[in-house]
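One structure below.
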Amino acid sequence: RKEMLEFDSIFYEKSKLMRDGFCRAINEFVRTNPRINFIFRPHPVADPLYWHQNLAPSRNLTILCRDNPVPWIKAAKAVVHAGCTLGLEAELAGVPSIDITSIYGDNRKESVSSSVSTYKPRSISELNSCLKSSLKQKNISHLSLTSTRFKDILLENIETLNNHIFDWFDSEAIGFPKISNLSV
């Protein structure tokens, strides 16, 4: 029990440090691009108060904490994310995603969203270049749902799922298929 509490405490502190680093990166990015409008969508289970208190007030930044983000994604020229599923949703919608996990030193395992991102900058200056490229391009060729790499990523992701849940479904004769809807 003590080890679990210690692990949770360390994990929580690391998560806070990564969140703070992400916040600093977003603040700098927004500040260096005053003529571009940004919509910031915190994770649905995140405390929105943190973001309202820590993202620098700016005329070009709006924080949206509810409702469906898909209309915003489809209207965007690019989606900046930190391994979030919004990055994957953007790529699927044909909008380039920019994974900024390297900028602030996120040390979590690379997510599917990070893997399929069009851009993976390592600095704010690279991030600005990625944004400029996204704004200039009209038709960007993205990872298609039929591409081999995309299918490989989906298969790898399926393998990480909890097999006990699939066993439970099978024991209840529910027959839950072990396949991603995205690959059908």
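These values consider heavy atoms only, across backbone and side chains, with no hydrogens, waters or symmetry-generated copies.
Although no hydrogens or angles enter the test, the distance criterion places a donor-acceptor pair under 3.5 Å between the side chain of S113 and the main chain of C84. Without hydrogens or angle criteria, S9 side chain to L5 main chain gives no donor-acceptor distance under 3.5 Å. Looking at N60, its side chain does come within 3.5 Å of a backbone N or O of N33 through a donor-acceptor pair.
Proximity of L131 to V80: side-chain heavy atoms (C-beta onward) are nowhere separated by under 4.5 Å.
Nearest heavy-atom pair, I103 versus P121, reported as atom, atom and distance to 0.1 Å: CG1-O, 3.6 Å. When all heavy atoms are compared, the tightest approach of C23 to N54 is SG-O, 3.3 Å.
In this structure, F22 and Y104 have perpendicular ring planes: the angle between them is above 60°, well past the 30° mark.
In terms of the ring-ring contact (aromatic ring centres under 6.0 Å, His included) criterion, W72 has no residue partners (sequence neighbours excluded). Evaluation of the side-chain hydrogen bond (donor to acceptor under 3.5 Å, both in side chains) rule for S114 yields D99, S111 as partners, not counting sequence neighbours.
I39 is not connected to L127 by any chain of hydrophobic side-chain contacts under 4.5 Å among Ile, Leu, Val, Met, Phe, Trp and Tyr, and they are in different clusters. At a threshold of 4.5 Å between side-chain heavy atoms, the hydrophobic network of Ile, Leu, Val, Met, Phe, Trp and Tyr places V95 and L64 in two separate groups. A continuous path of hydrophobic side-chain contacts links I63 to I36 [ILVMFWY only; heavy atoms under 4.5 Å]. In this structure, L88 is not a member of the same hydrophobic cluster as V70, with clusters built from ILVMFWY side-chain heavy atoms closer than 4.5 Å.
Atom CG of N27 sits about 10.5 Å away from atom OG1 of T32, to the nearest 0.5 Å. Residue I73 holds its CD1 atom at 8.5 Å from CZ of R41, rounded to the nearest 0.5 Å. Distance CZ/F29 to CG/L61: 11.0 Å, rounded to 0.5 Å. To the nearest 0.5 Å, atoms NZ (K132) and OG (S129) are separated by 6.0 Å. Of the inter-residue distances, the one linking C65 atom SG with W51 atom CH2 reads 10.5 Å to the nearest 0.5 angstrom. A distance of 11.5 Å separates CD of E13 from CE of M18, quoted to the nearest 0.5 Å.
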Checklist entry - Could you walk me through whether Y119 and S133 pass the side chain to side chain contact (heavy atoms under 4.5 Å, CB included) check? => result CA-CA 10 Å; Y119 302 104; S133 295; 3.4 Å; yes
Item to check | Stepwise side chain to side chain contact (heavy atoms under 4.5 Å, CB included) test for I98 and T118 | outcome: CA-CA 6 Å; I98 305 171; T118 302; over 6 Å; no
Checklist entry - Between E91 and S117, does a side-chain hydrogen bond (donor to acceptor under 3.5 Å, both in side chains) hold up when you go through it step by step? => result CA-CA 7 Å; E91 291 290 339; S117 290; 5.1 Å; no
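Cation-pi check for R19 over Y50 is met; the charged atom lies under 6.0 angstrom from the ring centroid and within 45 degrees of its normal.
Applying the 6.0 Å contact sphere to CD of E3 captures no more than 12 heavy atoms from other residues, nucleotides or ligands.
Between R31 and E28 there is no salt bridge, since none of the side-chain N atoms of the basic residue sits less than 4.0 Å from a carboxylate O of the acidic one. A salt bridge links E110 with K120: at least one charged nitrogen is closer than 4.0 Å to a carboxylate oxygen.
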